[in-house]
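In what follows, a single structure is set out as structure tokens and then discussed.
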Number of protein chains: 2
Amino acid sequence: MTTAADERLAGALRAAGHRVTSQRLVLHRVLTDLGRHASAEEIARESAARLPGLSLPTVYATLELFERLGLVRRVDAGGPAALFDPRTESHAHFACRCCGAVLDLDAPVDAGGAEAAARAAGAEPAVVDVVVSGRCAACRAGD
Amino acid sequence: MTTAADERLAGALRAAGHRVTSQRLVLHRVLTDLGRHASAEEIARESAARLPGLSLPTVYATLELFERLGLVRRVDAGGPAALFDPRTESHAHFACRCCGAVLDLDAPVDAGGAEAAARAAGAEPAVVDVVVSGRCAACRAGD
DNA sequence: CTTTTTGCAAATGATTTGCATTAAC
DNA sequence: GTTAATGCAAATCATTTGCAAAAAG
């Protein structure tokens, strides 16, 4: 069956001159269903369960494509692997230095000053990433 | 000769129960002289020029130690290698998606809301990293 | 049919680790 | 003298690349 989200993805792909493949549809569904940031590895595992044979290079290439299309945001939260976040509205992340956990922070961050400074330097700002690091609740309790 | 900065480093190291080594002194001087973020590789190259034989694993270990002591901040600006910044006061960075250049943005960012959200989640926030991405002046002009 | 996309295997490159040696204290 | 710190070589691991086969338009 084809969902409305599938149609939207197909439209976005065609509009940008890309082909609609089952790999892209599955990856997009996995991201949507997940609704949360995840590493390429996690996304690949979940996707391979739905589309056996799906390869990691394809996962990376597709995530990069999705990022260019504005469908996911790559988040570098300090851990060894990058995270890919289907929540594209601007939101901050908290990264625990002890256990590496990353959680969403639903709070507005006014980075207008930084964007203005970037423009003043002649640059064209597109995205602002805010990562708060520290110790998460679990690590403060346990340890 | 021993500078005032050397003395300060030695004091900070001893206070934390660490030894004062020539490698640590040299790396600290290189960071101070540089005054700007740089990759471990760059820092190692510059440092090896002053202390032949200095190894990369030592550079990484020392930078990690300095980070724990609050003497440098590790900045993950999306590129393949992490950057280490001797400017420890809070400041944002701009990362160019085309050429990978990273520049300092001297503009205040109010991340109070994000920190409050982290505390509300039971976490203990310590550092806030703000990275603005886009196209730098050179890439906008050239290309 | 033509061109993009995929999967596979192998390469890359930053960072880390194990371990014997050296240097701080 | 003890113990932490270093250097070396090798390992790890996320990510990328080259290329032939498969699939989309």
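Residue numbering restarts at 1 for every chain, and letters A, B, ... go by the order of the sequence lines.
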Test Arg68(B) against every option in Val72(B), Leu71(B), Leu65(B) by the side-chain contact (heavy atoms from CB on, under 4.5 Å) rule and name the one that passes. Leu65(B)

Using whole Å, what does the distance between atom [atom2] of nucleotide [N] and atom [atom1] of [X] come to?
X        : N       : atom1 : atom2 : value
Leu54(A) : dC8(C)  : CG    : C1'   : 13 Å
Arg14(A) : dG25(D) : CZ    : C1'   : 9 Å
Tyr60(B) : dA9(D)  : OH    : C1'   : 16 Å
Arg74(B) : dA14(C) : CZ    : P     : 14 Å
His28(A) : dT5(C)  : NE2   : C1'   : 18 Å
Ile43(A) : dT15(D) : CD1   : P     : 10 Å

For a quick check of understanding: with a heavy-atom distance under 4.0 Å over all strands, which category does Pro57(B) fall into, base, sugar-phosphate or nothing? base

Please determine, for the side chain of Ala82(A), which listed nucleotide (dT5(C), dG25(D), dT15(D)) has the closest atom? dT15(D)

Among dC25(C), dT15(D), dG25(D), find the nucleotide with the atom closest to the side chain of Leu56(A). dT15(D)

Less than 4.0 Å between a side-chain N and a carboxylate O, is that true for Arg87(B) and Asp106(B)? yes

Please determine if a side-chain N or O atom of [X] lies less than 4.0 Å away from the OP1 or OP2 oxygen of [N].
X        : N       : result
Thr58(B) : dA5(D)  : no
His18(A) : dT5(C)  : yes
Gln23(B) : dA23(C) : no
Thr21(A) : dT6(C)  : yes

Do Asp85(A) and His91(A) get their side chains close enough for a donor-acceptor pair, meaning under 3.5 Å? yes

Under a plain distance cut-off of 3.5 Å, with no hydrogens placed, do Asp129(B) and His93(B) share a side-chain donor-acceptor pair? no

When you measure only distances, ignoring hydrogens and angles, does the side chain of Arg24(A) come within 3.5 Å of the base of dT5(C) through a donor and an acceptor? no

